[in-house]
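What follows is a single structure, written as structure tokens, with notes after it.
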Number of protein chains: 2
Amino acid sequence: MNLKQLSHMLALSQTTVSRALNGYPEVNEETRRRVVDAAKRHGYRPNPSARRLATGKTGMIGYVLPTGASVDIDPHFVEFLSGLGDYARSHELDLVLSPADADDQETTYRRIVANRQVDAVYISSPRPADRRVALVNTLGIPFIVHGRSDGFDFDYPFTDIDNEGAFHEAARLLVQLGHRRLALINGDDRETFAIHRERGMRRALAASGLTLGERHVCSVTMTEENGYRAARRLLEQSEPPTAIACSSLIMSLGVVRAVRDLGLTIPGDLSLIAHDDVFPWLKPENFSVPLSTTRSSIRLAGARVAERLAARISGLEEGARGEVWPVDLVVRGSVAGAPV
Amino acid sequence: MNLKQLSHMLALSQTTVSRALNGYPEVNEETRRRVVDAAKRHGYRPNPSARRLATGKTGMIGYVLPTGASVDIDPHFVEFLSGLGDYARSHELDLVLSPADADDQETTYRRIVANRQVDAVYISSPRPADRRVALVNTLGIPFIVHGRSDGFDFDYPFTDIDNEGAFHEAARLLVQLGHRRLALINGDDRETFAIHRERGMRRALAASGLTLGERHVCSVTMTEENGYRAARRLLEQSEPPTAIACSSLIMSLGVVRAVRDLGLTIPGDLSLIAHDDVFPWLKPENFSVPLSTTRSSIRLAGARVAERLAARISGLEEGARGEVWPVDLVVRGSVAGAPV
DNA sequence: CAAAAGGACCAAAGCGCTTTGGAAGACTCT
DNA sequence: AGAGTCTTCCAAAGCGCTTTGGTCCTTTTG
């Protein structure tokens, strides 16, 4: 059942039927009713390929997926996707993942824009002055950045959490509890979120005249193993930290293991706070010692990004507004006063 | 730069240019060279929307993504996606995720097929007599099932691992080590993989005249917390198991925690074997007691599924061949002889 | 009451490709 | 030399929609 057939059986032109269905004003309300009714009854759905050729609209949002044998997709991605998908579903949007060589994503961005394959894209895990952001900005396709990319001379729309504030608060609490030697096990410090977290922590320490020594900062990809290694490195120093802030729940699994291996205890010897993106399959309250966290649901962020993308596609949202969500600091058993 | 312009500047018809580019035989090799050359020089890329309207081919593979507030996407998904994406990239295929109400995926499948939105689809986490498999089979779109769906009177193409064999071997080893009370912490037993694993284990036990008591089987969604709960339930029984097979690394985190909470040790009091889908961010060899596993890279499976989908799209693969991959049994410190 | 304005509809021209059904010329064969 | 056969190319017809630029008729306005 296509437009031609439908209009034929209604004894109307394709023009009128098309307009009736798409809500144009120049069609009699009575006629529109007839058309809409008939369309529903016969299960008519406009062919997206045809519509897309005619209008350029695809009803899809895009994401360039870095791939490669040595490239690992962050497990946070599924949670983000859950939120994004949940919203997208309610708006009949599909998501197209365009795999790209991790070292040459530009080609892929250019392709999907030139080919009009999607109506909008989002960018995740941005770095300062991220080239992807600059690129999509000049290419002129609607986009939202999940996270932030500092250091541009233009504004762009983003949705981010207050990473700096979160780690500022976490560090402030630890200092108030008497800790003087804090350490940070961070994610890849080429990414903005990691930079912001470190900055927040330093700011809190500075406020009390403390500093974050170079030997007290680690920057690694967020695996359990790296958490373990980082923790061992930190704790086996001559002046080990008495408190650690950690950028991910997965890494903190490794931290806990290291602490145990060294015969230390949490929170007796070490206080620990980690950032929690809220996974359904790993919860900080279920750690052997319930883990204190800075918490922000990445799933909600996914839904929000989808919502904003949809709004930008339909022209409801414009401009370069960035939004920063606050982060909860949830205190559980893994923090205590500094050991004497 | 579109076909019209290109053919104009070559003083050829659109027909000839199109055919030259698409490798049709009825064009002079010299002419083809000229055309291909000019196309490359001017960066001509056929408009996919137009091509798609004309041919029905989309260059995309589809996946219906179950979503909803209470639906969690399995973290295995990213790893599968890594493999799929890596292969898809090399063949210029994109992946479109169509979010669907988890309770009504049929509508979405029908839509993407009716609209010709993708050239092929894959199905994951199938259950016995899975309706999705029956549906796509009748809809006639090329597909591959990742996993298996038993109980149909027709054949279909799938790529699966030997779950039954894996857990058979694992249980057999445990029995040989003297264990007599084994337990299984399984995934959702409505899914085929879980059924196969249980079957494998039962078969191994039966071979030695043993059985898997009802109180020694758990079937839960694979979270750390559920692993913990299941383990506690098992180990606090009057006749606790001396060995546990566990369907996921994430659950086994919970098992290890439970064992510790109960003051028991691995492998002294309990031997543990888990299935490992090979995550980059959580490795069995790094468990406090290195974990024995049945191992199969889900990333490789993703790549294989993509490869087969591509082959089916291009007509290179036909028929309903199912393939079953063997699973490695990797023995590490978490297994030992049964306690006396 | 003629002229202007508005309402409701339509024919046809895109969108940019692929594919059908020739056609023209060169070659082979009897 | 005329009939067939390749080879190589082309004009034009789709694919199924949206949108432009009318037309025709009814209503309002000066």
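Residue numbers begin at 1 in each chain, while the letters A, B, ... track the order of the sequences. Values in this document were obtained by computation on a predicted structure and should not be read as measured data.
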Salt bridge (Lys or Arg N to Asp or Glu O under 4.0 Å) between B:Arg45 and B:Glu92, intermediate numbers included: CA-CA 13 Å; B:Arg45 306 263 306 180; B:Glu92 301 221 13; 3.5 Å; yes
Side chain to side chain contact (heavy atoms under 4.5 Å, CB included) between B:Gln105 and B:Arg131, worked out: CA-CA 10 Å; B:Gln105 300 181 42; B:Arg131 297 179 59 185; over 6 Å; no
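Computed from coordinates, the B:Arg52 CZ to D:dC17 P distance equals 14 Å when rounded to whole Å. D:dA13 atom C1' lies 13 Å from atom CG of B:Leu53, rounded to whole Å. The nearest whole Å value for the distance from the CG atom in A:Leu6 to the P atom in D:dT18 is 12 Å. In this entry the distance linking CZ of B:Arg45 with P of C:dG16 reads 16 Å, nearest Å. What separates CZ of A:Arg116 from P of C:dG16 is a distance of 9 Å, to the nearest Å. Rounded to whole angstrom, the span from the CZ atom of A:Arg51 across to the C1' atom of C:dC17 amounts to 20 Å. When rounded to the nearest whole Å, the span between CG of B:Asn2 and P of C:dC15 equals 8 Å. Atom-to-atom, CG of B:Asn47 to P of C:dG16 comes out at 6 Å; the value is rounded to the nearest Å.
Each of A:Glu29, A:Arg34, A:Glu30 was evaluated against A:Arg32; a single residue qualifies, A:Glu29, per the side-chain contact (heavy atoms from CB on, under 4.5 Å) test. With respect to B:Val121, the side-chain contact (heavy atoms from CB on, under 4.5 Å) criterion is satisfied by exactly one of B:Ile112, B:Val96, B:Val64, B:Ile61: B:Ile112.
A 6.0 Å sphere centred on CZ of B:Arg116 holds no more than 12 heavy atoms belonging to other residues, nucleotides or ligands.
Using the six-membered ring where Trp is involved, A:His91 and A:Tyr87 have ring planes that are parallel, under 30° apart on the 30 and 60° scheme.
By the 4.5 Å heavy-atom criterion applied to side chains, A:Arg127 and A:Val133 are not counted as neighbours.
Between B:Tyr122 and B:Tyr63, a ring centre-to-centre spacing shorter than 6.0 Å is recorded. For an aromatic pair to be called close, the ring centres must be under 6.0 Å apart, and B:Phe158 with B:His146 fails this.
B:Tyr24 has no side-chain polar atom (N or O) that falls below the 4.0 Å cut-off from OP1 or OP2 of C:dT18.
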Quick one: which protein N/O atoms are closer than 3.5 Å to N/O atoms of nucleotides 6-10 of chain D? Pair and distance per line, please.
from, atom 1, to, atom 2, distance (Å)
D:dT8, OP1, B:Asn28, ND2, 3.4
D:dC9, OP1, B:Thr31, OG1, 2.8
D:dC9, OP2, B:Asn28, N, 3.0
D:dC9, OP2, B:Thr31, OG1, 3.3
D:dC10, OP2, B:Ser13, N, 2.8
D:dC10, OP2, B:Ser13, OG, 3.1
D:dC10, OP2, B:Thr16, OG1, 2.8
D:dC10, N4, B:Arg19, NH1, 3.0

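Sequence order on DNA chain D of the closest nucleotides to B:Ala50 and A:Ser18 puts B:Ala50 first from the 5' end.
A rotation axis mapping the C1' atoms of four pairs onto the next four is fitted at both ends of the helix from C:dC1-D:dG30 to C:dT30-D:dA1 over five pairs, and the angle between these axes is 50° to 10 degrees.
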